[in-house]
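Step one of this worksheet: look at the structure below.
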Amino acid sequence: MHASDASAPPSRRRRLASLGACVAAVLACAGLGAAQASAATIVVGQACVVNPDPAVGSPMTVTGAGFGPGDMIDLTSNKGGAFGTTTAGPTGGFTITMPGPILPTVNPAAAAFVLTANDGTNAALTASTNFDAANLAVATNPLQAKPSKKVTWTFSGFIGGAEIYAHYLHGKKVTATTKFGRAQGPCGVLKKKAVFYPGKAKYNSYKVQVDDTRRYSLKSLPHWIATLRTHIPM
């Protein structure tokens, strides 16, 4: 029977009308709760959080909205990689800079993560977002080789879409420069077969700087520096 049934006695119509108002209020509150739960959002400021030191998580900026004003917000990534705590402002928003995740290797690597923010007062207010993290690293397989031998070069943490160059130095003099190709994806990864040293090597070791500039400069960022050791035939 509908609450507006005109055939019911006046007292019963009043009771039905009251019941209908209560049901409407409950549904309105439920709808409000759902709207609040769906309104919470978070965004990571970097498409890829790059760790120049693989043992230290680089700072990552996270912005959130739609949480309870003044509520404590806990942030954590899956795989136990990143943690942070902050307080939502008067409008339910926040911005926090927190350490990014550390990958389980010091070698070139990139991985996908999910970051979740939970409102400490209202469990219905939660939001998640995806982001990537990578080491700024370069490796060859094998680690040492004759200069002319082709080895597998692996890169991560460079600028996506930019060319990757290696500058070989002996002392302060650049003895060779080679180009490997364009870094791929938001974490700037690349794997390529190339000779261990381009040209004729005169020394057993070289300092190598890998970056995304054609000309060598210590000011190039990001850059990775290491010592490359060659096996020169006697």
Check the pair Tyr168 / Leu228 against side-chain contact (heavy atoms from CB on, under 4.5 Å), numbers first and verdict last. CA-CA 9 Å; Tyr168 301 79; Leu228 181 146; 4.0 Å; yes

Got a list of side-chain donor-acceptor pairs under 3.5 Å for residues 52-63, not counting sequence neighbours?
from: Asp53; atom 1: OD1; to: Ala55; atom 2: N; distance (Å): 3.0
from: Ser58; atom 1: OG; to: Val50; atom 2: O; distance (Å): 2.6
from: Ser58; atom 1: OG; to: Asn51; atom 2: OD1; distance (Å): 3.3

I need the [X] [atom1] to [Y] [atom2] distance, nearest 0.5 Å.
| X | Y | atom1 | atom2 | answer |
| --- | --- | --- | --- | --- |
| Asp212 | Ile164 | CG | CD1 | 8.5 Å |
| Arg229 | Thr140 | CZ | OG1 | 12.5 Å |
| Trp224 | Phe158 | CH2 | CZ | 8.0 Å |
| Phe94 | Ile42 | CZ | CD1 | 6.0 Å |
| Lys192 | Lys179 | NZ | NZ | 8.5 Å |
| Met98 | Leu75 | CE | CG | 5.5 Å |

Under the side-chain hydrogen bond (donor to acceptor under 3.5 Å, both in side chains) rule, collect the residues that match up with Gln184, sequence neighbours excluded. none

Spell out, as yes or no, whether a donor-acceptor pair under 3.5 Å connects the side chain of [X] to the backbone of [Y].
| X | Y | answer |
| --- | --- | --- |
| His167 | Thr213 | yes |
| Ser156 | Pro108 | no |
| Ser205 | Thr230 | no |
| Thr126 | Asn118 | no |
| Gln209 | Ser217 | yes |

Report yes or no: do Leu190 and Ile159 belong to one cluster of Ile/Leu/Val/Met/Phe/Trp/Tyr joined by side chain heavy-atom distances under 4.5 Å? no

Shared ILVMFWY cluster between Val210 and Phe196, side chains joined below 4.5 angstrom? yes

Closest approach of [X] and [Y], non-hydrogen atoms and distance?
| X | Y | result |
| --- | --- | --- |
| Pro142 | Val151 | CD-CG1, 3.6 Å |
| Ala166 | Val208 | CB-CG1, 4.1 Å |
| Asp211 | Pro222 | CB-O, 3.6 Å |

Do Tyr197 and Thr175 have a side chain donor and acceptor closer than 3.5 Å? yes

Could you pull out all donor-acceptor pairs under 3.5 Å where a side-chain atom in residues 77-88 meets a protein atom, sequence neighbours excluded?
from: Ser77; atom 1: OG; to: Gly81; atom 2: N; distance (Å): 3.2
from: Ser77; atom 1: OG; to: Ala82; atom 2: N; distance (Å): 2.9
from: Asn78; atom 1: OD1; to: Val114; atom 2: N; distance (Å): 2.8
from: Lys79; atom 1: NZ; to: Ala112; atom 2: O; distance (Å): 2.6
from: Thr85; atom 1: OG1; to: Asp74; atom 2: OD1; distance (Å): 3.4

Parallel, tilted or perpendicular, as decided by the 30° and 60° cut-offs, for the rings of Tyr203 and Tyr206: perpendicular

Tyr165 and Phe180: ring pair (Phe, Tyr, Trp, His ring centres under 6.0 Å), yes or no, with the steps? CA-CA 6 Å; Tyr165 293 87; Phe180 292 95; 8.9 Å; no

Members sharing Leu169's hydrophobic cluster (side chains within less than 4.5 Å): Val174, Tyr216, Leu218, Ile225

Taking only residues two or more places apart in sequence, or in another chain, which ones meet Arg182 in a salt bridge (charged side-chain N to carboxylate O under 4.0 Å, His left out)? Glu163

Show me the donor-acceptor pairs, under 3.5 Å and distance only, between side chains in residues 129-139 and residues at least two apart or in other chains.
from: Asn135; atom 1: ND2; to: Thr105; atom 2: O; distance (Å): 2.7
from: Asn135; atom 1: ND2; to: Asn107; atom 2: O; distance (Å): 3.0

Tell me, do Thr154 and Asn141 make a side-chain contact under 4.5 Å, heavy atoms counted? no

